[in-house]
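Note that this is a predicted model, so its numbers are computed, not measured.
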Amino acid sequence: MCGIIGIVAHSPVNQALYDGLTVLQHRGQDAAGIMTCDRDRLYLRKDTGLVRDVFNQRHMLHLRGNMGIGHVRYPTAGCESSAEAQPFYVNSPYGISLAHNGNLTNAESLREALFREDQRHINTDSDSEVLLNVFAHELQQLGKLRVNEQDIFRAVAAVHRRCRGAYAAVAMITGYGIVAFRDPYGIRPLVFGRRETQEGPEYMVASESVALDVLGFELIDDVQPGEAVILTRKGAFHRRQCAEHPVYSPCIFEHVYLARPDSILDKVSVYKARLRMGEKLAEKIRRTWPEHDIDVVIPIPDTSRTAALQLAVALGLKYREGFIKNRYIGRTFIMPGQQQRRKSVRQKLNAIDLEFRGKNVLLVDDSIVRGTTSRQIIQMARDAGARKVYFASAAPAVRYPNVYGIDMPAREELIAFGRTDAEVAEAIGADRLVYQDLEDLIEAVRYGNPRIERFDTSVFNGEYVTGDVDETYLDRLQAQRNDAVRQARREAEVEEVIELHNTA
């Protein structure tokens, strides 16, 4: 879950890229980067941290040029090194930079092929650098001093043939323009828009439409699965389907949790989809628990508010804000390390005792992943005086890891893995647990765009849309994402720094 952006304009784009990344900050808090192009010269600033911390006035003044790309990142494989901040860059051919959201499932075999067959060196563990080098190699194979849109479309088609998994990417070709492309399944989102100026049209691509809205761009369309969109620095616009057999299969978890409610993805309003999730959840409670004794519905801020409000309205129950959120604490879901997540929950939320005391409370969250946050929040509700604490999830039980760019934990660290719903309820300390049904979730999102053929729902049912994920791959993912392994990696990095300091 990263955020990407690209702009081609008639005036400097540094401030617009910065503003766009701040709007997409919810998609990644680990690192941020911007690369701009002024004629044939590139300018780059990237580092770990939030957008506001990575860039200062000196950096902004240095980022010259009328086109550029940007990225906000969180570490999919647990690495927190500034070396893996994006955009990445290769000088051959032409000078190409790239920012990527997603995850390549065949990154290891591609890395080997790039070394043995293409004679390209990959300097980090990032699959985004692999994707960049595959794209660069396919352009270099053309053997041309200057490229045109036909050459780029052919290169993207070759990328589709070689790469597997999820990738929404923006690539900037020095002196030429920006290319945006999306994998043949359209797993990760990507939209583009246009803004009219006196000098002519300006174009922008981004992970979510809200970034376009904030900068005054009109949403034109989603980059379709397998499609490539070209924005030249001279103002030309081209788009073409580059995949042989695209299958519309966007990640449904974007609507559950990842995207902002004011975004429109794949022509589906995230806000309205979450309203429908609340309605579906209310229907299930009426169907399976008609004699409920719920006094009040309380959301767990912020993502679940929309679904919780609609659920309360549908059931004719009181809706109250029972938790106050400290907005200066990041999302615990994307924080590295279980210990840090536990510590941050109490710092992030505080209960209003009056809304809990002596009441049977239904807490509503968007999903339950590890269960760590849910368990602590339920205990906070009890400490605030709740008589009974029920828990409802706007999504089904998360029982399988995500392999397409969301850093969910290893299978054994998912609270629902190998447990029944009743066992999950006991594990998180709830008096009753209600999960959304998968069919209802799909219907809630698809209602906004019946053209969507299917969704990636792999975290709920273990069915991976790309068809190339097996037990061997999941076992390797387990080794990378296990919290113990991550902690050992961080300790090793600290020891290395100390050793370097002592020998200096």
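Legend: salt bridge (charged side-chain N to carboxylate O under 4.0 Å, His left out) pairs involving residues 41-70, not counting sequence neighbours, sorted by first then second residue: R45-D47.
With D266 as reference, R182 is the one residue of R446, R182, R188 to meet the salt bridge (Lys or Arg N to Asp or Glu O under 4.0 Å) rule.
Of the possible polar contacts, one joining the N101 side chain to the C2 backbone as a donor-acceptor pair under 3.5 Å is found. Under a 3.5 Å cut-off, the side chain of Q436 and the backbone N or O of A394 do form a donor-acceptor pair. Judged purely by atom type and a 3.5 angstrom limit, R195 has no side-chain atom pairing as donor or acceptor with the backbone of F217. Side-chain atoms of N103 come within 3.5 Å of backbone atoms of V403 as a donor-acceptor pair (strictly under, hydrogens ignored). In terms of modelled atom types and a separation under 3.5 Å, the side chain of S304 and the main chain of A308 share no donor-acceptor contact. Side-chain atoms of Q224 come within 3.5 Å of backbone atoms of D222 as a donor-acceptor pair (strictly under, hydrogens ignored). Of the possible donor and acceptor atoms, none in the side chain of E149 sits under 3.5 Å from a partner among the backbone N and O of H238. Under a 3.5 Å cut-off, the side chain of Q241 and the backbone N or O of A243 do form a donor-acceptor pair. The closest donor-acceptor contact from the side chain of Q376 to the backbone of Q379 lies at 3.5 Å or more, if one exists at all. In this structure a side-chain-to-backbone donor-acceptor pair under 3.5 Å is missing from Y185 to G165.
Remark: E84 CD to N123 CG distance equals 9.5 Å, nearest 0.5 Å. To the nearest 0.5 Å, atom CZ of residue R320 and atom CD1 of residue I352 are 11.0 Å apart. Atom CE of M408 and atom CG of N402 lie 6.0 Å apart (nearest 0.5 Å). The CE atom of M277 lies 9.5 Å from the CG atom of L275; values are rounded to the nearest 0.5 Å. With rounding to the nearest 0.5 Å, the separation of CG in L190 from CG in L265 is 10.5 Å. Here OG of S458 is found 8.0 Å from CD1 of I187. Values are rounded to the nearest 0.5 Å.
Side-chain contact of T124 with E129: a donor-acceptor pair under 3.5 Å is present, judged by distance alone. At a cut-off of 3.5 Å, with distance as the only test, a side-chain donor of Q86 or S128 sits close to an acceptor on the other residue. Between Q57 and H62, the side chains place no donor N or O within less than 3.5 Å of an acceptor N or O (distance only, hydrogens not considered). Side-chain atoms of R120 and Q140 form a donor-acceptor pair, as typed in the model, at a separation below 3.5 Å. Side chain to side chain, Y271 and S263 fail the donor-acceptor criterion of an N or O pair below 3.5 Å. In summary, the side chains of D456 and Y464 do not present any donor paired with an acceptor at a separation below 3.5 Å, with no hydrogens or angles considered.
In this structure A416 satisfies the side-chain contact (heavy atoms from CB on, under 4.5 Å) test together with A397, R399, V424, Y435, sequence neighbours excluded.
Contact check for L114 versus V130: side-chain heavy atoms found under the 4.5 Å cut-off. You'll find the side chain of L50 reaches within 4.5 Å of the side chain of Q25, heavy atoms only. Taking 4.5 Å as the limit, some side-chain heavy atom of T36 sits within range of a side-chain heavy atom of L17. Looking at H255 and V445, their side chains come closer than 4.5 Å, going by heavy atoms from C-beta outward. Counting heavy atoms from C-beta on, the side chains of S209 and I264 come closer than 4.5 Å. Side-chain contact between E199 and S11 is absent, with no heavy atoms from C-beta onward closer than 4.5 Å. You'll find the side chain of Y89 reaches within 4.5 Å of the side chain of L42, heavy atoms only. Taking the side chain as every heavy atom from C-beta outward, V459 and P401 never approach each other to under 4.5 Å.
The distance between the ring centers of Y203 and F192 does not fall below 6.0 angstrom. You'll find the ring centres of F181 and F135 inside the 6.0 Å limit. Ring to ring, H59 and Y18 are not that close: their centroids are 6.0 angstrom or more apart.
Ion pairing between a basic and an acidic side chain is recognised when a charged N comes within 4.0 Å of a carboxylate O; D302 and R274 show no such pairing. Classification of E321 and R305 as a salt-bridged pair holds, one side-chain N sitting under 4.0 Å from a carboxylate O. Between E196 and R194 there is a salt bridge, with a side-chain nitrogen of the basic residue lying less than 4.0 Å from a carboxylate oxygen of the acidic one. For K267 and D221, the salt-bridge test passes: some basic side-chain N is under 4.0 Å from an acidic carboxylate O. Under a 4.0 Å N-O distance rule, the pair R162/E138 qualifies as a salt bridge.
The two residues P225 and P246 come nearest to each other via the heavy atoms O-CB, 3.5 Å. Nearest approach of I4 to A168, heavy atoms of both residues: CD1-O, 3.3 Å. Nearest heavy atoms, L139 versus I152: CD2-CA, 4.2 Å. Nearest approach of I5 to V170, heavy atoms of both residues: O-CG2, 3.8 Å. When all heavy atoms are compared, the tightest approach of L212 to V191 is CD1-CG2, 3.9 Å. Nearest heavy-atom pair across A171 and I96 is CB-CG2, 4.4 Å.
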Item to check | Worked check of ring-ring contact (aromatic ring centres under 6.0 Å, His included) between Y167 and H160 | outcome: CA-CA 10 Å; Y167 49 95; H160 290 332; 5.8 Å; yes
Checklist entry - When you look at L110 and V134, which way does the side-chain contact (heavy atoms from CB on, under 4.5 Å) test go after all the steps? => result CA-CA 8 Å; L110 283 172; V134 170; 4.3 Å; yes
Next on the checklist: Is there a side-chain contact (heavy atoms from CB on, under 4.5 Å) between F153 and V156? Walk through the geometry before answering.
Outcome noted: CA-CA 5 Å; F153 288 137; V156 173; 5.6 Å; no
Item to check | Verdict with supporting geometry, F391 and S374, side-chain contact (heavy atoms from CB on, under 4.5 Å) | outcome: CA-CA 9 Å; F391 204 95; S374 304; 3.6 Å; yes
Item to check | Verdict with supporting geometry, K348 and K325, side-chain contact (heavy atoms from CB on, under 4.5 Å) | outcome: CA-CA 6 Å; K348 184 170 72 170; K325 183 177 181 180; 3.9 Å; yes
Checklist entry - Is there a salt bridge (Lys or Arg N to Asp or Glu O under 4.0 Å) between E254 and R27 once you walk through the steps? => result CA-CA 10 Å; E254 289 278 352; R27 300 189 66 88; 2.9 Å; yes
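When the shell of 6.0 Å around NZ of K272 is examined, it contains 12 or fewer heavy atoms from other residues, nucleotides or ligands. Other residues, nucleotides and ligands contribute only 12 or fewer heavy atoms inside 6.0 Å of the CD atom of E218.
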